[in-house]
Amino acid sequence: MSGLDSLLIPAVLFFALGVFAQLIKSDLKFPEGLAKGISLYLLMAIGLKGGAELAKADMAIALQSIFWAFLMGLVIPLIGYAILRFRDRIDPFNAAAITAHYGSVSAATFLTAVAFLEAMNVSHESYPIIMMVIMESPAIIVGLVLAMLARKKLAMSSDAPKTGDSQGVNTGSLLREAFTNGSVILLLGAMLVGAVASPEAMAKVYPFSNEIFMGVLCLFLLDMGIEAAKRIKSFKKAGFTLVSFGLIMPLIGGTIGVFVGVTLLGFSPAGAMLVAILGASASYIAVPPAMRYGVPEANPSFYLTLTLGVTFPFNVVIGIPMFYQMAIWYSGI
Amino acid sequence: MSVSTSAEKMVQIVTNSSLENKLIRSLEKIGITGYTIFNVRGDGDSGIQDSHMDGDTNILLMVVVPAELSEVLMAKLLEYKNKGHHLLVFSVDAAVLA
């Protein structure tokens, strides 16, 4: 399956339907709170599934995966920051907040990639799921530290009297929030349940966690399509530099992911593609609220437009099949 | 028939839900124990806020307090604004049924 065929999986088609519905100004919309509820279901289901598989997995590879995931979470946002700050194109606060989103991950993109592999009946390693959990938080810390440094630099360079107001936010409580945010706790918790529960008891949960999973993912992507299309009108406000960044950054993160997956972790092309998607995707659930509080100087419109309006559609339509081909090609070298 | 009312201020704050807990703690610190919160949607400088995810969920926090306390509250909210937080704050006169 390649080219156009790879787009013909229900999840991607429903995403396209959502975009189409919004473009023709249809009144199709989700009741308030439903998307939040569905995303909780998806995290729980993928956690249960991943935990059950990881219980059978090799501990040494799992630990290596965790190490490289953590490192990717730290390095990718730094690369993004360097790009955004090149020639002072984007101010340091917006650069810090935007790049934090790119170091973190989008579970929906990851799940669409899983759907892509399942549609082709290609099996994949389960380690990328634990990598996804690990990669939720480090980038938030990087974003906060970058913003803190920018704040210090600004305070030193300006003659403005230093007031308590300009000293920013409580870092301790933010760090706690980064590691205890809802998605991390739910994913980790569900993985633990999946790992320790007996296989017979888990089998009873499968209708909920496995059989209806792809259908629910379609529903979620339909909503994501509507949301992505809503952001198109903000492209002009975000500007050419930021929109280009939203397309370039996943290419960089995805390439790093293919390298980590194939060379450093020795995964199959399918597993490496999932790592690439972790590198390429940008968070829109865990990071935006953290940045809204942690880097209030940044404009939320920019990062939400980029992650939902540019990078998510790019990854779903182009990134997933492209990184899969890249992983196959690179594995063959 | 005359109805007895007292003159107070109604302060309304529109902001992102990520600030909700912090704002409530700030209210409690200055002695405001009662408040009302609505989930709201809209558009503006921060982009579309349509309650899709936590990052784009706005709230409207409303309190009705004596004029002196509203001054203290406004000063506290100014601290948030000075840090760069996106808040729309306004107050109006309110006749509260005694």
Side-chain angles (χ1 to χ4, degrees), chain A residues 29-36 39 93 97 101 106 108 147 151 160 163-170 173-174 177 181-183 223-224 226-228 230-234 237-238 283-309, chain B residues 11-31 35-62 70-90:
Chain A
K29 66 174 181 182
F30 276 45
E32 207 169 301
L34 185 64
K36 290 178 192 171
S39 73
F93 295 115
H101 290 74
S106 147
R151 237 171 252 135
T163 63
D165 298 354
S166 63
Q167 292 308 300
V169 293
N170 182 343
S173 79
L174 267 170
E177 278 171 30
N181 85 61
S183 343
D223 181 52
M224 290 296 292
I226 298 172
E227 284 303 309
K230 270 187 202 167
R231 310 275 162 186
I232 292 174
K233 77 179 174 87
S234 309
K237 192 175 158 193
S283 164
Y284 54 85
I285 296 181
V287 183
M291 288 303 121
R292 288 202 80 146
Y293 180 64
V295 191
E297 300 91 339
N299 188 339
S301 158
F302 292 159
Y303 45 75
L304 288 171
T305 301
L306 285 192
T307 56
L308 280 172
Chain B
V11 181
Q12 298 205 345
I13 307 153
V14 180
T15 191
N16 184 253
S17 63
S18 62
L19 272 184
E20 182 176 316
N21 290 337
K22 282 102 189 169
L23 283 174
I24 291 169
R25 275 201 293 277
S26 295
L27 292 183
E28 285 167 351
K29 267 188 196 157
I30 57 177
Y35 55 85
T36 302
I37 293 176
F38 305 89
N39 283 326
V40 289
R41 290 178 289 119
D43 200 348
D45 280 347
S46 303
I48 301 166
Q49 306 295 315
D50 61 359
S51 287
H52 183 249
M53 290 295 158
D54 288 341
D56 62 8
T57 297
N58 264 7
I59 54 162
L60 188 152
L61 196 157
M62 187 175 91
S70 84
E71 294 288 318
V72 182
L73 174 60
M74 290 294 211
K76 186 73 200 166
L77 295 171
L78 190 60
E79 286 178 22
Y80 279 93
K81 277 185 95 84
N82 286 343
K83 280 184 192 169
H85 288 293
H86 299 240
L87 294 93
L88 173 70
V89 180
F90 57 94

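When reading the values below, keep in mind they use all heavy atoms of this one structure, side chains included, and skip hydrogens, waters and symmetry mates. Protein chains get the first letters and strands the later ones, always in sequence-line order, with residue 1 at the start of each. Given the structure is predicted, the values throughout are model-derived calculations rather than measurements.
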Can the ring centroids of A:Tyr293 and B:His85 be said to lie less than 6.0 angstrom from one another?
yes
Check whether B:His86 reaches the backbone of A:Asn299 with its side chain - one donor and one acceptor, N or O, closer than 3.5 Å.
no
Any salt bridge linking B:Lys83 with A:Glu297? Criterion: basic side-chain nitrogen under 4.0 Å from a carboxylate oxygen.
no
Among B:Asn39, B:Leu19, B:Asp45, residue most engaged with chain A (heavy-atom pairs, under 4.5 Å):
B:Asp45
Side chain from CB out, backbone as N, CA, C, O: work out which of these in B:Ser17 comes under 4.5 Å of a heavy atom of chain A, or both, or neither.
neither
Chain A heavy atoms under 4.5 Å from B:Lys22: which part of the residue, side chain, backbone, both or neither?
side chain
Measure A:Ala286 against the heavy atoms of chain B and call it side chain, backbone, both or neither at under 4.5 Å.
neither
So what's closer than 4.5 Å to chain A heavy atoms on B:Ile48: side chain, backbone, both or neither?
both
Between A:Lys237 and B:Gly44 the two heavy atoms that sit nearest each other are NZ-O, 3.7 Å
Output the residues of residues 300-309 of chain A for which the shortest heavy-atom distance to chain B is under 4.5 Å, in residue-number order; output 'none' if no such residue exists.
A:Pro300, A:Ser301, A:Leu304
Evaluate the criterion side chain to side chain donor-acceptor pair (under 3.5 Å) for residue pair B:Ser51 and A:Lys36; output intermediate values, then yes/no.
CA-CA 9 Å; B:Ser51 287; A:Lys36 290 178 192 171; 5.1 Å; no
State plainly whether the residues B:Asp43 and A:Lys233 are in salt-bridge range, i.e. N to O under 4.0 Å.
yes
Any sub-3.5 Å donor-acceptor pair from A:Arg292's side-chain atoms to B:Gly55's backbone N or O?
yes
Taking the side chain as everything from C-beta on, heavy atoms only, tell me whether B:His52 gets closer than 4.5 Å to A:Leu34.
no
Residue among A:Ala35, A:Pro289, A:Pro288 with most heavy-atom pairs under 4.5 Å to chain B:
A:Pro289
After noting the C-alpha distance and the side-chain angles of B:Asp50 and A:Glu32, does the key distance pass the side chain to side chain contact (heavy atoms under 4.5 Å, CB included) rule?
CA-CA 8 Å; B:Asp50 61 359; A:Glu32 207 169 301; over 6 Å; no
